[in-house]
Amino acid sequence: MQDTIEIAPPQLLDRQAAGERLVARLKGVIAANKMMTDPLMTYAWSGDASSYRLIPAAVVFINSEDDVRAVMAAARAEKLPITFRAAGTSLSGQAVTDGVLAVLGDGWRTMRIHPGADQITLGPAIIVANANAALKKFDRKIGPDPASQATCKIGGVVNNNSSGMCCGVAQNTYHTMARLRIVLTDGTMLDSGDEASRAEFRATHAAMLEGLHTLHHEVMADPDLVALIRKKYKIKNTVGYSLNALVDYHDPLDILIHLMVGSEGTLGFVSEVTYNTVPEHPFKSTALVPFPDPQSAGRAIIKLANNGVHVTTGVTAAEYIERRALATVEHLDPLAPLRPYLTDNSPAVLIDVTAPDATTLEAEVAKAVALLASEGATHIDFSTDEHRSHALWDIRKGFFASGGAARPKGTSMLTEDVAAPIERLAEFVLDMRALLDDHGYDDAIIFGHALAGNLHFQMSDDFSKPDAAHKFDMFSKALSDLVSIRYGGSLKAEHGTGRAIAPFVEAEWGSKAYGLMHRIKALFDPENLLNPGVLLNADDKIHIKHLKVMPLADDLVDLCIECGFCEPACPSHQMTLSPRQRIAVTRERARLRRSGEDPTLLKRLDDDFQYAGLDTCAACNLCSLRCPVGIETGTMIIGQRTERRGDFARGVAGFAAKHTGSIESAMRGGVGLANMAKSVVSAPVVESVTETARRLTGKRVPRIYKALKPGPGAPTLPVDRQDPKTTGFPVPVALSGRPRIVYFPSCATRMFGATKSDYDLLSVPDAMLALLERAGFDAVMPEHLNGQCCGQPFQSKGFPEQAASVGTALKTQLDALSGDGSVPVVTDASTCAKHLREFPGTAPVLDSAEFLVTHILPRLTITQPLAVVAVHHNCSAQRLKEQPATETIARACATEIAVLSSVTCCGYAGDKGLFIPELNEHATRFVRQDIPASCTLGVSTVSTCASGLSEQAGIPFVGLASLLEYVSRPVA
């Protein structure tokens, strides 16, 4: 069946024109490259993690409170609504709009830990996991702990009152917030922690505060309404506004601040929050416990829940995982011990027990074991193994995406989260399963934060089919009746109301409470400027409008649910496109290509995708490490590059593949000539000339910059270690009888050298040979190194045949040198090691990091360690899981190491640093914040990455071998 989409409303063209006018109004206030109205970028920002899609009239990046005020004024003038967006992991449609999408930029990435770490002040663009990482050394964390914490940002957490797996009700933002700084629609800033700001606000907004005071007194005069509100917030609840503020506080200013929490961007903008941190006990034991049936699991959780009272010592998390949910992940290694205990109907509960000390932990685990056994748990195996715990929790956190990936291709994933009183959990689980099955969602899975009576479930449907929306509508109404009426629970426990539940808020709360919510909205936003239609909506069908279609586009990415978990790893995110956005746009292009409905739009999207989608993708595939199902967007992009290569380009690539030696010599010579020129003419002059040439040639000329240095070329083995003329072997063979190693200096290492440092460092190839000699190894190398290449540069540019040709030739030669695998091959670039492993052959290929840490470091004596060294884990090293090896070597070389936490892939991406330097600059824009003032040297395992980092970080980055050789050099 042909994919279908909703008919565009008549006012769409007016919205587009209004978006253009809004951008014109903001000219000079916000940078032009931070505002977008073109079809490609507006479509790229049209979806969040929910099942809804709305194409914004304009996308504007905001970085300050002045930007917020300016956007509000311009949107008001153009009669466009505004939606603020943090990470876009929202699941209820609250981060999409057909108005102005105001995206949080880098200006909001601020963090300050207060003395003693009892409080932390955060900007709204800080990722939750990054805040907790900074607090970890103090054994503290923030209260909210959503499963998406490695991606979601503080702004979204505050605005959705997000909770999570251990948070419960007591530790959400509403209860752990010490201070909030906000901007209202009239441009007023209120800082609730500043007495002067509070006093000024009381004077300027007396009428607003009086309105809130009136609402407070009306509620408190109604015992039934007070009882309803208190009951609703005993369990997790994010349906509607936070009405508990009207009963928990008397001062209208405090009521105002707490109403902002969970308001989903409909009342104002949150520019900063201070949290009271909570204990993160260092002692923890984890178990995934199977039960014979859902009833016994439910009864056990009721006992574990401590009557709904949140604890920080003892059982702090209990995640219910239904049998059908387990089926989507039981093939994974961490679940192997459970498989013998899983029947057709057995769920499992993932449990954390935490304590401040080992003795207390042992006692608490014993209590939990006895309780679980009393309800028939079939296998109880608590462990303090941190690696095992992380592996199990990663599976649980990834259910949203891994469960979504289990759906049929071409369908949309639907998700809801509900809560019921904990004492009714056992029957609630069964009724939820029956409801899903009765409405034809037999692929649905159920899991959730069971200690809080909170269940998540997700299912799929194809919204290109005419009856799918009606089916979802009927299910939603039945769900509202089950949860809100029969169980007195919450239709949205922690994901926020959004568009998904807006039609059912009144049914859950009743007309009196619902009327209060409308009055609150009117007090804060009388113009309905902020996120209209979210949280409150008169349209009883809004939950089945603007639903995403997910047309098939590429087997590599068809299972993507557009959750956005990949985005923090992507070097081009918020510069051009993220992996999620590349996939979304690819799907839309595929749909337009099949339907033929708008050839002009398709051509525009195809043309604009060249730079934003293809050229600026590093193809590092770090997105796959963040994706719970390992989707490699970079591989998809390489495939699209291949499709766009014409006969001429393939001919050039074929010629290059046959003349790699000449190209290597020319490249090294060109860099050397430029470096020589900088010694005669000032470096800025040389760089200016090359930039002019780049402009005139459409950036086809490589860039010259200060940190770019020529490489050492192919190294030479010591003469007394080889003599092929006398041995008769066709290649150099070591004759000493010492252990041998085949060493392949990568082409990048041969072509690009390290920036000059304060230390007398050898080049990477010379350092590798010196280390091998020092550790008692004899090295063997290919006889003719110039031009030898693993093929990765051809592969990344979309020439797989040429990559296979040169890579296979090299691997064949290395296999022969290794004696068909009897001697390992080591190379000095992580990218090269990873790529060589993908070719068939007998020789095991080791990267320098893993070889140095296992074979070389134990045989060395460190004679002159450095004080501090910065460490970058490039993309290939991360995919090879070499971080521990690299850090072990760095720690041996220095008293302190500083890992670049702000840099994932550095964006140099082979030669993109030469032709698209803005990618490298964007990917490393925070790198200087990661480097201590006393640090004068950094290390990376790829020479091109080191070159790009040297330019951006302000200190030289060198190869790992160069550093290790220096610090272990014999001292006279």
(request) Check step by step if side-chain contact (heavy atoms from CB on, under 4.5 Å) holds for Asp606 and Arg644. (result) CA-CA 11 Å; Asp606 281 345; Arg644 293 197 179 199; 4.1 Å; yes
(request) Just do the side-chain hydrogen bond (donor to acceptor under 3.5 Å, both in side chains) check on Thr635 and Asn621 with the steps written out, would you? (result) CA-CA 7 Å; Thr635 303; Asn621 272 329; 3.0 Å; yes
(request) Begin with the C-alpha distance, continue with both residues' side-chain angles, and end with the deciding distance and a verdict on side-chain contact (heavy atoms from CB on, under 4.5 Å) for Glu588 and Leu592. (result) CA-CA 6 Å; Glu588 176 64 359; Leu592 288 171; 3.9 Å; yes
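- Between the OG1 atom in Thr842 and the CG atom in Asp815 there is a gap of 3.5 Å [rounded to 0.5 Å].
- Smallest separation of non-hydrogen atoms from Ala890 and Val871: CB-CG2, 3.6 Å.
- Not one N or O on the side chain of Arg407 forms a donor-acceptor pair closer than 3.5 Å with the backbone of Leu414.
- At least one donor-acceptor pair under 3.5 Å links the side chain of Gln149 to the backbone N or O of Pro146.
- The side-chain contact (heavy atoms from CB on, under 4.5 Å) check on Val806 picks up Ala657, Thr660, Phe794, with sequence neighbours excluded.
- Crowding of Asp607 atom CG: a count of heavy atoms from other residues, nucleotides or ligands under 6.0 Å exceeding 12.
- Asp462 has its side chain out of reach of Met550: every pair of non-hydrogen atoms, C-beta onward, lies at least 4.5 Å apart.
- The closest donor-acceptor contact from the side chain of Gln878 to the backbone of His873 lies under 3.5 Å.
- Proximity of a side-chain donor or acceptor of Ser51 to a complementary backbone N or O of Lys548 within less than 3.5 Å is not detected.
- Using a cutoff of 4.0 Å between basic side-chain nitrogens and carboxylate oxygens, Arg925 and Asp106 are scored as salt-bridged.
- Contact annotation: the side chain of Ser572 approaches that of Leu919 to within less than 4.5 Å [non-hydrogen atoms, C-beta and beyond].
- Within the 3.5 Å criterion, the main-chain N or O of Ala553 finds a donor-acceptor partner in the side chain of Asp558.
- Closest approach of Ala95 and Arg85 over heavy atoms only: O-NH1, 3.4 Å.
- The minimum heavy-atom distance linking Leu836 with Phe744 is given by the pair CD1-CD2, 4.5 Å.
- For residues 800-809, there are no side chain to side chain donor-acceptor pair (under 3.5 Å) pairs, not counting sequence neighbours.
- Side-chain contact between Val585 and Arg589: present, with at least one pair of heavy atoms (C-beta onward) separated by less than 4.5 Å.
- The side-chain heavy atoms of Leu601 and Pro39, taken from C-beta on, include a pair separated by under 4.5 Å.
- Contact annotation: the side chain of Thr616 never approaches that of His922 to less than 4.5 Å [non-hydrogen atoms, C-beta and beyond].
- Within the 3.5 Å criterion, the main-chain N or O of Leu40 finds no donor-acceptor partner in the side chain of Arg604.
- Here the straight-line distance linking atom SG of Cys570 with atom CG of Leu577 works out to 8.5 Å at 0.5 Å rounding.
- Val927 and Leu900 get closest at one heavy-atom pair: CG2-CD1, 3.8 Å.
- Residues Pro765 and Thr749 have side chains in contact (heavy-atom distance under 4.5 Å, counting atoms from C-beta outward).
- Between the side chain of Asp911 and the backbone N or O of Leu914, no donor-acceptor pair lies under 3.5 Å.
- Judged by distance alone, the side chain of Ser578 and the main-chain N or O of Gln574 form no donor-acceptor pair under 3.5 Å.
- Note: Lys912 NZ to Cys620 SG = 11.0 Å, rounded to the nearest 0.5 Å.
- Here the CG-CG distance, from Leu852 to Asp847, works out to 8.5 Å after rounding to the nearest 0.5 Å.
- Around NZ of Lys409, the count of heavy atoms belonging to other residues, nucleotides or ligands within 6.0 Å exceeds 12.
- Exactly one residue among Glu567, His573, Glu562 makes a side-chain hydrogen bond (donor to acceptor under 3.5 Å, both in side chains) with Arg580. That residue is Glu567.
- Nearest heavy-atom pair across Thr827 and Cys832 is OG1-SG, 3.8 Å.
- Closest approach of Ala569 to Thr904, counting heavy atoms only: O-OG1, 2.8 Å.
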(request) Take Ser902 and Gln929, measure what side-chain contact (heavy atoms from CB on, under 4.5 Å) needs, and give me the verdict at the end. (result) CA-CA 8 Å; Ser902 71; Gln929 298 176 13; over 6 Å; no
(request) Carefully, step by step, assess Arg582 and Thr576 under the rule side-chain contact (heavy atoms from CB on, under 4.5 Å). (result) CA-CA 10 Å; Arg582 287 184 170 94; Thr576 51; 3.8 Å; yes
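- Ser90 OG to Asp48 CG: the interatomic distance, rounded to the nearest 0.5 Å, is 5.5 Å.
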(request) Check the pair Ser746, Asp828 against side-chain hydrogen bond (donor to acceptor under 3.5 Å, both in side chains), reporting the backbone distance first and the verdict last. (result) CA-CA 6 Å; Ser746 72; Asp828 49 36; 3.1 Å; yes
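- Judged by distance alone, the side chain of Lys811 and the main-chain N or O of Glu838 form no donor-acceptor pair under 3.5 Å.
- With Arg750 contributing its side chain and Gly711 its backbone, the two residues share no donor-acceptor pair below 3.5 Å.
- Between Leu101 and Val60 there is no side-chain heavy-atom pair separated by less than 4.5 Å.
- Annotation: the span from Asp38 atom CG to Asp608 atom CG amounts to 6.0 Å, rounded to 0.5 Å.
- Using a 4.5 Å cut-off on side-chain heavy atoms (C-beta onward), Thr633 and Cys566 make no contact.
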(message) I'd like to know whether Thr586 forms a side-chain hydrogen bond (donor to acceptor under 3.5 Å, both in side chains) with Gln640, so could you lay out the CA-CA distance, the side-chain angles of the two residues, the decisive distance to 0.1 Å, and finally the verdict.
(response) CA-CA 10 Å; Thr586 294; Gln640 292 191 31; 3.2 Å; yes
